[in-house]
Amino acid sequence: MELAYIPSPSSGVLYLGPVPLRGYAFCIIIGVFVAVWLGNKRWIARGGRAGTVADIAVWAVPFGLVGGRLYHVITDYQLYFSEGRDWVDAFKIWEGGLGIWGAIALGALGAWIGCRRRGIPLPAYADAIAPGIAIAQAIGRWGNWFNQELYGRETDLPWAVEITSSADGRMPGTYHPTFLYESLWCVGVALLVIWADRRFTLGHGRAFALYVAGYCAGRFWIEYMRVDEAHHILGLRLNNWTALLVFLLAVLYIVLSARKRPGREAVVEPGAGDGEGPAADAKKTDGDAAGKADVSAGDATTDDATDTDASEKPEKSEKTEKPQNSGEPEGAGEPEESKDGAGSAKKG
């Protein structure tokens, strides 16, 4: 009976005429574009300018690729510098081999350079792009499927991946698709960061630290399942120790940062409120509202003054109005003294 499994592609390269389209590189490129797109949306929502994320990514992405490749080559140097190996292969990045730890480290350096040139705080930028990086990793892991690499122990589960290549010590068979596990885990981490950022208003790099901690937690158990060649320390793979150490550092940063700098940055990009975007619209709306309030207050004052004048005029009119003829003879209302004086004059 044939077991169900995920088939691997017969080749990781497609040719468009003479141009080779490598699945691994294609996944990396798509991941970068998605990360920049999502990061741009989050940056604008935070009050930054459109296009800033892409401008800084021009620095971060090349640094990240170099860092990821360096980490892989250094930690797996035997694949390139041992007997029978060609050291030139260390530069063939399209054949696979990027260490996320080195990519994040040098990528952060490149991002810091880009942020410094624009006067932007790096932690705020990191918070904006954190979910996008996780999604980029989720997409990039499918490049390992094209290269038939990063699989786990043998299994007959319906979602096992079939390995058909026998190059570089591979044994054809069905194995745990650890690349798929990590891809799904990264999607979950991205959703976690987006939710937590909205729920707790994370700032000052804490959203990025949450992404790092979440990724490391998943990478630890996924790395433990892998069977590809790796260095071991005290029975654990090197990447297990790296994931554990980075996880602890990320959690420590979240705790200390929340105590020292609670809340979120009020301004993420200097001068962004003077141009176009949510910050400028909000500023314009506030100004319009203030102007309308002043006009309304002025109208209300005028109305009050008019009402006051109207209420005073009738009283004045009543006081000056001549008394109506009631039928009494003239002089009936005069004082007694006047009458007596008149009568005395007649008698005399």
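Just so we're clear, the structure is a prediction, and the values are computed from it rather than from any experiment.
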Kindly write out the residues that satisfy side chain to side chain donor-acceptor pair (under 3.5 Å) with [X], not counting sequence neighbours, or none if the list is empty.
| X | value |
| --- | --- |
| T164 | Q148 |
| D197 | R42, R264 |
| W185 | none |

Point-to-point distance, once rounded to the nearest 0.5 Å, from [atom1] of [X] to [atom2] of [Y]:
| X | Y | atom1 | atom2 | value |
| --- | --- | --- | --- | --- |
| I56 | I120 | CD1 | CD1 | 4.0 Å |
| F208 | Y125 | CZ | OH | 10.5 Å |
| C186 | L192 | SG | CG | 12.0 Å |
| M225 | R153 | CE | CZ | 6.0 Å |
| R22 | I93 | CZ | CD1 | 12.5 Å |
| Y175 | L150 | OH | CG | 14.0 Å |

Write out all pairs satisfying salt bridge (Lys or Arg N to Asp or Glu O under 4.0 Å) with one or both partners inside [range], taking only residues at least two apart or from two chains.
| range | result |
| --- | --- |
| residues 63-86 | R85-D168 |
| residues 119-144 | R141-E182 |
| residues 239-261 | none |

(request) Go through the steps for Y215 and I100 under the test side chain to side chain contact (heavy atoms under 4.5 Å, CB included), then give the verdict. (result) CA-CA 10 Å; Y215 172 74; I100 186 61; 3.5 Å; yes
(message) Please evaluate residues R237 and D228 with respect to the criterion side chain to side chain contact (heavy atoms under 4.5 Å, CB included), reporting the C-alpha separation (whole Å), side-chain torsions for both, the decisive distance (0.1 Å), and the verdict.
(response) CA-CA 10 Å; R237 293 164 65 96; D228 52 303; 3.3 Å; yes
(message) Applying side chain to side chain contact (heavy atoms under 4.5 Å, CB included) to N144 and E149, what does each step give before you reach the verdict?
(response) CA-CA 5 Å; N144 303 129; E149 58 186 2; 2.9 Å; yes
Transitive ILVMFWY side-chain link [X] to [Y], under 4.5 Å:
| X | Y | result |
| --- | --- | --- |
| I129 | I104 | yes |
| Y71 | I222 | yes |
| W145 | M171 | yes |
| W59 | W37 | no |
| I139 | F146 | no |

Could you tell me whether the side chains of [X] and [Y] share a donor-acceptor contact shorter than 3.5 Å?
| X | Y | value |
| --- | --- | --- |
| Y77 | H231 | no |
| Y211 | Q137 | yes |
| R206 | S257 | yes |

(message) Which residue is it: R170, R226, H176? I am looking for the one with a side-chain contact (heavy atoms from CB on, under 4.5 Å) to Y151.
(response)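 Checked R170, R226, H176 against Y151; only one passes side-chain contact (heavy atoms from CB on, under 4.5 Å): R170.
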Heavy-atom pair of closest approach, residues [X] and [Y]:
| X | Y | result |
| --- | --- | --- |
| G31 | A136 | O-CB, 3.2 Å |
| T52 | E269 | OG1-OE2, 2.9 Å |
| Q78 | T75 | OE1-O, 4.2 Å |
| L210 | A196 | CD2-CB, 3.5 Å |
| A138 | S183 | O-OG, 2.8 Å |
| G39 | V53 | O-CG2, 3.5 Å |

(message) Parallel, tilted or perpendicular, judged at 30° and 60°: which one describes the rings of W87 and F91?
(response)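 Rings of W87 and F91: perpendicular, over 60°.
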(message) Looking at Y253, I'd like to know if its OH atom is crowded, meaning that more than 12 non-hydrogen atoms belonging to other residues, nucleotides or ligands lie closer than 6.0 Å.
(response)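 More than 12 heavy atoms, drawn from other residues, nucleotides or ligands, come within 6.0 Å of this atom.
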(message) For G51, is there any backbone N or O sitting under 3.5 Å from a side-chain donor or acceptor partner on N40?
(response)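 Checked: pair present.
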(message) Between T174 (side chain only) and D156 (backbone N and O only), is there a donor and an acceptor less than 3.5 Å apart?
(response)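 Between the backbone of D156 and the side chain of T174 there is no qualifying donor-acceptor contact (under 3.5 Å).
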(message) Quick check: do W101 and C216 have side-chain heavy atoms less than 4.5 Å from each other?
(response)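 With C-beta onward as the side chain, the pair touches.
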(request) Could you please spell out the steps behind the side chain to side chain contact (heavy atoms under 4.5 Å, CB included) verdict for L180 and W142? (result) CA-CA 7 Å; L180 175 61; W142 283 91; 3.5 Å; yes
